[in-house]
Engineer: 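Here you go, one structure.
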Amino acid sequence: MDAIGVLDLQGGVLEHIGHLERLGIKVRTVKEATDFENLAGLIIPGGESTCISKLMRIFGLEQALQAAFRSGMKIWGTCAGAILLATEVTGEEAFLKLIDMEVMRNGFGSQLDSFTYEATIPSVASVPLPLTFIRAPKILRVGVGVKVLLEGEGYVAAAETENILVTVFHPELTGCLAFHRYFAEKCGLMASRREIPVDPAWDRTSWTRLARLS
Ligand code: GLN
């Protein structure tokens, strides 16, 4: 139980792996049912939720994920990953139904309505963090027992329970490691709450290069 897995079917897989490696966290890709064994945590990346859910069904990963979750594996869903974890998806059938919340896909509009801003999320870091929303969903409602970490006007952008973290934005596409450190701690993999600064050398295209910036 010393590694975090990244669901490797579609979407922003390499970018999450890069951030975990920058923190010195052991990381494994998850493509098959047996890959869920002994994971402390799993990241379901952003991408296209319909595509990821179909591939999970085709490869028979749904039950294995649910079983690993019941055995204590924590899960972080970013964007499409958050959609897949919700109990309710506006106008569509929900998929994994592991966190009590309603999400509306593409809640901010089309790809062209994607945006970035900075906000302080006290539970995660004391400094403002860069947030990147790409055809993001809106979390419209969270259930009792789900803690809101960041709210916007009329929507929730980040929330958690003891075992699940959801963000509708993409920390892996910024030079900021704070969310990955926060999730690693949730998985019991990092002891220190030391602040990790935003990488000043990061720019809008950094994530497209596969450089390992350790
Ligand atoms: N719009 C995508 C969906 O509905 C999510 C986008 C993303 O993950 N950046 O699945």
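Both ligands and their constituent atoms are indexed starting at 1 by order of listing.
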Engineer: Which ligand 1 atoms, with their elements, are less than 4.0 angstrom from a heavy-atom of S49?
Structural biologist: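 Answer for ligand 1: 3 (C), 4 (O), 10 (O).
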Engineer: If we set the cut-off at 4.0 Å for heavy atoms, which region of R105 has an atom near ligand 1: side chain, backbone, both, or neither?
Structural biologist: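 It is the side chain that touches ligand 1; the backbone stays farther off.
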Engineer: Decide whether a cation-pi geometry holds between K74 and F183; the criteria are a distance under 6.0 Å from NZ or CZ to the six-membered ring centre and an angle within 45° of the ring axis.
Structural biologist: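 No, K74 and F183 do not form such a contact.
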Engineer: Are F95 and L84 packed together at the side-chain level, in the sense that at least one heavy-atom pair is separated by less than 4.5 angstrom?
Structural biologist: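 F95 vs L84: side chains touch.
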Engineer: Would R135 count as a polar contact of ligand 1, with the cut-off being nitrogen or oxygen pairs under 3.5 Å?
Structural biologist: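 Yes - when backbone and side-chain N and O of R135 are compared with those of ligand 1, one distance drops under 3.5 Å.
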Engineer: Measure the spacing between CD1 of I44 and CD1 of I83 and express it to the nearest 0.5 Å.
Structural biologist: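 The CD1 atom of I83 is 11.5 Å from CD1 of I44, to the nearest 0.5 Å.
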Engineer: Flag the pair E160 / K186 as yes when at least one side-chain heavy-atom distance between them is below 4.5 Å, and no otherwise.
Structural biologist: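 Counting from C-beta outward, E160 and K186 do come under 4.5 Å.
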Engineer: Mind checking whether I134 has an N or O less than 3.5 Å away from an N or O of ligand 1?
Structural biologist: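 Yes, I134 has an N/O under 3.5 Å of an N/O on ligand 1.
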Engineer: Give the numbers and elements of all ligand 1 atoms closer than 4.0 Å to a heavy atom of I83.
Structural biologist: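 Within the 4.0 Å cut-off of I83, ligand 1 contributes 3 (C), 4 (O), 10 (O).
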Engineer: So do F69 and I75 actually touch side chain to side chain, heavy atoms under 4.5 Å?
Structural biologist: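 In contact.
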Engineer: Which residue supplies the protein heavy atom nearest to atom 1 (N) of ligand 1, what is that atom called, and how far is it?
Structural biologist: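 Among all protein heavy atoms, the one nearest atom 1 (N) of ligand 1 is N106 OD1, 2.7 Å.
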Engineer: What is the closest protein heavy atom to atom 7 (C) of ligand 1, and at what distance does it sit?
Structural biologist: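 So the nearest neighbour among protein heavy atoms is C79 SG, 2.8 Å.
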Engineer: How does T78 reach ligand 1, if at all, at less than 4.0 Å between non-hydrogen atoms: by side chain, backbone, both, or neither?
Structural biologist: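 For T78, no heavy atom sits under 4.0 Å from ligand 1.
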Engineer: Answer yes when D113 and R135 have at least one side-chain N-carboxylate O distance shorter than 4.0 Å, and no when they do not.
Structural biologist: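 Salt bridge flag = no for R135 with D113.
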Engineer: Counting heavy atoms only, name the option from G47, G46, G81 that's nearest to atom 6 (C) of ligand 1.
Structural biologist: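 Comparing heavy atoms across G47, G46, G81, the nearest one to atom 6 (C) of ligand 1 lies in G47.
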Engineer: Hey, any chance I58 and I52 share a hydrophobic cluster, counting ILVMFWY side chains that come within less than 4.5 Å of each other, even indirectly?
Structural biologist: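 Hydrophobic grouping puts I58 with I52.
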